[in-house]
Amino acid sequence: MEFTQDWAQQKDQQDSLHRFKDEFYFPQHEGKPVIYLTGNSLGLQPKQTQAYIQEELDAWKELGVDGHFEGKRPWMEYHKFFAEKIAKIVGADKKEVVVMNNLTVNLHILFASFYRPTATRHKIIMEGGAFPSDMYAVESQVKHHGFNPSESIIEVTPRAGENALRDEDIIAAIEEHGAETALVFFSGVQYFTGQVFDMESITKAAHKAGAFAGFDLAHAAGNIKLNLHDWNADFAAWCSYKYLNSGPGGVSGIFVHEKHGNNPKTPRFAGWWGYQESTRFQMKKGFIPEPGAAGWQLSNAPVFSMIPHLASLDLFDDAGMDNLVAKQKEITAYLEFVLAESAPQLKVITPESRGSQLSILTDKNGKHLFDYLTKNGVITDWREPHLSDMEFGVIRMAPVPMYTSFEDIYNLGMILSKYQAPA
Ligand SMILES: *Cc1c(COP(=O)(O)O)cnc(C)c1O
């Protein structure tokens with residue numbers, strides 16, 4: 001690797017995914033596209049999204065209620081157009097996934113199935129400093145079942161002076177609390193530090209303890225290689241608007257392992273759209289679920305929040321998840337290299353086990369540096385310290401492989417090397 005424009009441009013020329021940059025709209029800064037490093041927060045808009053939305057507006061306009069059965073994508077079967085594409089991204093069978101609702105809503109729906117505490121087994125083990133919605137969802141679930149969050153929620157935190165969690169500490173916590181644990185619930189990629197958790201070992205340890213294992217993949221779906229089925233995870237949910245580029249507040253997806261999905265006795269909150277498809281419209285009393293994750297659907301498909309997701313998934317299909325992951329590793333390594341060359345004072349706290357994101361622990365001038373980047377057309381994101389012993393904030397940078405070029409990273413390095421901290 002070299003911190004030179006020549007090297008970066010050559011790398012882009014050899015990159016088979018470079019062409020995808022043209023498939024996206026970039027916000028402009030002084031007449032030029034920004035260097036967009038916040039695809040982990042809100043992915044950019046694919047240019048083809050508008051045409052996909054227009055097709056559904058036309059179907060509605062021209063067909064009215066018949067759009068449920070006619071047109072290019074009949075709404076009646078709408079979730080099926082997503083299954084195979086999203087299954088490839090999360091490493092599942094197409095029956096194990098479905099696209100529905102929003103992420104936090106889905107977490108509650110999945111907790112209804114997989115957090116069923118008893119007097120002796122009521123604990124949830126999770127990462128300390130989890131994304132707020134996860135903390136609140138878990139806390140409210142525990143209270144809803146009549147337990148006390150301070151007894152029933154076990155948070156695993158990094159050791160003093162460290163920023164990432166050690167895998168062995170997670171496993172040790174599961175072993176320690178195993179007999180009382182109902183659910184082990186982690187993110188796939190920690191939103192603050194960018195750490196990728198070892199979901200396979202966490203699942204194995206949870207099962208050995210007699211607990212379920214579930215994952216919030218908001219920062220993992222479309223970012224890292226996932227193998228939910230083979231890892232034997234019980235459930236997972238993710239959003240589509242971060243790495244999956246499907247628009248603000250976009251629809252969520254869930255995974256339910258087939259061993260639960262094919263069991264009609266798996267408890268769940270039900271709605272008419274999860275009912276056995278072949279007889280749904282007999283509209284009889286008594287819920288019979290459709291096999292698979294589809295049996296967790298409550299409502300009929302929200303077509304206009306789902307269609308941007310399909311526009312983006314078609315790009316993922318075209319690019320291929322393995323190619324994206326391969327480029328992700330290279331471009332994140334290049335970012336790490338360029339940071340060290342151009343701003344050696346900055347400290348990356350993201351561990352080796354990582355996806356697209358690098359989190360940079362700042363000093364007292366952190367906010368000043370963040371503002372400097374923004375003023376120079378580099379879009380990053382600022383996070384206040386999240387763990388009690390963290391003194392300064394963090395700047396997160398995610399060079400997502402679908403639309404970030406090596407030259408973008410070189411340009412970022414040039415901007416950083418001209419930075420002057422206030423005296
Ligand atoms: C972004 C994110 C969410 C957001 O939840 P919504 O219901 O989509 O608002 C939840 N959990 C994690 C870990 C996230 O990173």
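For the numbers below, each heavy atom of this structure counts, side chains included, while hydrogens, waters and symmetry mates do not. The first residue in the sequence is number 1, and the count goes up from there. Every number for a ligand or one of its atoms is a count from 1 in the order of the listing.
Residues passing the salt bridge (charged side-chain N to carboxylate O under 4.0 Å, His left out) test with Lys225 are Asp322, sequence neighbours excluded.
Proximity of Asp134 to ligand 1, defined as any heavy-atom pair under 4.0 Å, is confined to the side chain (atoms from C-beta onward).
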Q) Are Ser133 and Thr104 close enough, and set up right, to give a side-chain hydrogen bond (donor to acceptor under 3.5 Å, both in side chains), and what steps lead you there? A) CA-CA 7 Å; Ser133 212; Thr104 309; 2.8 Å; yes

Q | Audit row: Gln45, Thr49, side-chain hydrogen bond (donor to acceptor under 3.5 Å, both in side chains) steps and yes/no | A | CA-CA 7 Å; Gln45 181 186 144; Thr49 301; 5.3 Å; no

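Close contacts of ligand 1 with Lys242, meaning ligand atoms under 4.0 Å from a residue heavy atom, involve 1 (C), 2 (C), 3 (C), 14 (C), 15 (O). Near His219, with a cut-off below 4.0 Å to any heavy atom, the atoms of ligand 1 are 15 (O). Residue Ala218 approaches ligand 1 through these ligand atoms, each under 4.0 Å from one of its heavy atoms: 2 (C), 12 (C), 13 (C), 14 (C), 15 (O). Heavy-atom proximity to Tyr241, at under 4.0 Å, picks out these atoms of ligand 1: 1 (C), 4 (C), 5 (O), 6 (P), 8 (O), 9 (O).
Both the sub-6.0 Å distance and the 45° axial angle are not jointly satisfied by Lys21 relative to the ring of Tyr403.
Note that OG of Ser152 is 11.5 Å distant from NE2 of His177, once rounded to the nearest 0.5 Å. Here the straight-line distance linking atom CG of Leu217 with atom CD1 of Ile254 works out to 12.0 Å at 0.5 Å rounding. Summarising the geometry, atom CD1 belonging to Ile360 is positioned 12.0 Å from atom CZ belonging to Phe370; distances are rounded to the nearest 0.5 Å.
Here's the thing with Ser187: none of its N/O atoms is less than 3.5 angstrom from an N/O atom of ligand 1. Checking only distances, Asn102 never comes within under 3.5 Å of ligand 1, N or O to N or O. Polar contact with ligand 1: present for Asp216 (N/O pair, distance under 3.5 Å). Polar contact check, Ser133 against ligand 1: no nitrogen or oxygen pair lies under 3.5 Å apart.
Classified by interplanar angle (parallel below 30°, tilted 30° to 60°, perpendicular above 60°), the ring pair Phe185/Phe235 is parallel.
Heavy-atom proximity to atom 5 (O) of ligand 1, evaluated over Asn101, Thr104, Val251, is greatest for Thr104.
Atom 3 (C) of ligand 1 has as its closest protein heavy atom Phe131 CE2, 3.3 Å.
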